[in-house]
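Accompanying notes for the structure given below.
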Amino acid sequence: MKNGINGLVRIPRHVAIIMDGNGRWAKSRGLERIEGHAEGARAVRDAVETASRNGIQYLTLYAFSVANWARPRAEVEALMGLLVEFAQKERAELRQQGIRVNVIGTLEDLPTATRHAVEDLIRYTAEGDRMTLTLALSYGGRQDIVEAARSLAVRAKAGLVLPEEIDETFFHRHMTTHELPQVDLLIRTGGETRVSDFLLFESAYAELLFLPIMWPEFRPETLLAAIEAYGGKERRFGMISEQVQGLLPIQAFDPLDRIQS
Ligand code: IPE
Ligand code: IPE
Ligand code: MG
């Protein structure tokens, strides 16, 4: 990277990646889709290491969506097997790098062996304080929102939550993403320009980057270039440029003082 990432470039705190394109990568080489997933696991290793070395605090990877259960059984089984392999092979290295593994989605949906391997990985890396690596497993953004709403409804009915307490922060505490800050940079490989039910609530103001390369082609330089591109963006969160730069004050919305027509 031209400037090096050492304070000259603004680093996103939370990067989320939709790792798409494993199947097409394999097919275009005359390989089985599952070989694309195996190659994708290698790209994961590079992405994790590059993210943690460059000061990213949260890296969230879309590994398996709720919708992916509908794929052919052999592919799903192979993916579950690869997860076990990843958890067992990588745990020492992850712990050594100070990376803590976290999961969003429904871990209980996974086959027992996969769930145990992932739970072991979570326990084994629990002390890591350099970066949080979150794996989205049997994850769906809409499902996560709906389940939080349902659990709040149950608590409200029992008198444990007052409706007026429920604001965005409170709501987020009831989602499986409760440990994560909002997404700063959302990257999707594979050439599609959709979010496929990933982090719908948490990416409200994320910068989106869609890359034409397939996930197995993702390299450390790909992430560095993405971080650099992010550093050049002005995030206005609904305001105007002068306000973000501190040249004009930020107005607080006051319903009692709202503009009358
Ligand atoms: C993403 O790659 C990995 C998972 C969904 C697990 P795909 O398997 O979706 O690859 P393509 O999009 O078919 O090429
Ligand atoms: C998104 O990719 C899910 C993961 C990367 C785990 P998909 O390949 O499942 O998404 P669609 O079906 O193309 O939208
Ligand atoms: Mg895909």
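Just follow the structure's listing: the first ligand is 1, and inside any ligand the first atom is 1.
Residue-level proximity to ligand 2 for F198 is absent, since no heavy atom of it falls below 4.0 angstrom.
Those atoms of ligand 2 with a heavy atom of R188 less than 4.0 angstrom away are 2 (O), 10 (O), 11 (P), 13 (O), 14 (O). When each atom of ligand 2 is checked for a heavy atom of S196 under 4.0 Å away, the hits are 10 (O), 11 (P), 14 (O). The contact set between ligand 2 and F64, taken as ligand atoms under 4.0 Å from a residue heavy atom, comprises 6 (C). Remark: ligand 1 atoms within the under-4.0 Å shell around heavy atoms of R24 are 11 (P), 12 (O), 14 (O). Counting the atoms of ligand 1 from 1 in the order shown, those under 4.0 Å from a heavy atom of H37 are 3 (C), 8 (O). Within ligand 1, the atoms closer than 4.0 Å to a non-hydrogen atom of R71 are 5 (C), 7 (P), 8 (O), 9 (O), numbered from 1 in the order shown. Atoms of ligand 2 found under 4.0 Å from any heavy atom of D20, numbered from 1 in the order shown, are 2 (O), 8 (O).
Summary of contacts: the protein heavy atom closest to atom 13 (O) of ligand 2 is R194 NH2, 2.8 Å. Nearest protein heavy-atom contact of atom 1 (C) of ligand 1 is M19 O, 2.9 Å. Given atom 9 (O) of ligand 2, the protein heavy atom at minimum distance is N68 ND2, 2.9 Å.
Not one N or O of Y62 is nearer than 3.5 Å to an N or O of ligand 2, by distance alone. Looking at W25 next to ligand 1, no N or O pair under 3.5 Å apart turns up.
A heavy-atom separation below 4.0 Å is found between G21 and ligand 1. Ligand 1 does not have E192 within reach: every non-hydrogen atom of the residue lies 4.0 Å or more from it. At least one heavy atom of A63 sits less than 4.0 Å from an atom of ligand 1.
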- Task: Show your reasoning for whether side chain to side chain donor-acceptor pair (under 3.5 Å) applies to E75 and H37.
- Result: CA-CA 9 Å; E75 180 168 343; H37 295 312; 2.8 Å; yes
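A salt bridge links R24 to E192: at least one charged side-chain nitrogen sits closer than 4.0 Å to a carboxylate oxygen. The residues R100 and E179 are annotated as salt-bridged, a charged nitrogen and a carboxylate oxygen being separated by less than 4.0 angstrom. Contact check on E217 versus R29 returns a salt bridge, with a Lys/Arg side-chain nitrogen under 4.0 Å from an Asp/Glu carboxylate oxygen.
Side-chain contact, T176 with D144: a donor N or O sits under 3.5 Å from an acceptor N or O. Side-chain atoms of T106 and Q143 include a donor-acceptor pair closer than 3.5 Å. For Q251 and Q243, the side-chain atoms include no donor-acceptor pair closer than 3.5 Å.
D20 contributes atom OD1 as its closest N/O/S atom to the Mg ion (ligand 3).
With a 4.5 Å cut-off on side-chain heavy atoms, V66 and D197 do not count as touching.
A parallel orientation is assigned to the rings of Y62 and F198, their planes being inclined by less than 30° (bins at 30° and 60°).
Atom CD1 of residue I240 and atom CD of residue Q245 lie 9.5 Å apart, to the nearest 0.5 angstrom. For the atom pair CG (D184) and CD1 (I227), the distance works out to 11.5 Å, reported to the nearest 0.5 Å.
Less than 4.0 angstrom separates atom 11 (P) of ligand 2 from at least one non-hydrogen atom of the protein.
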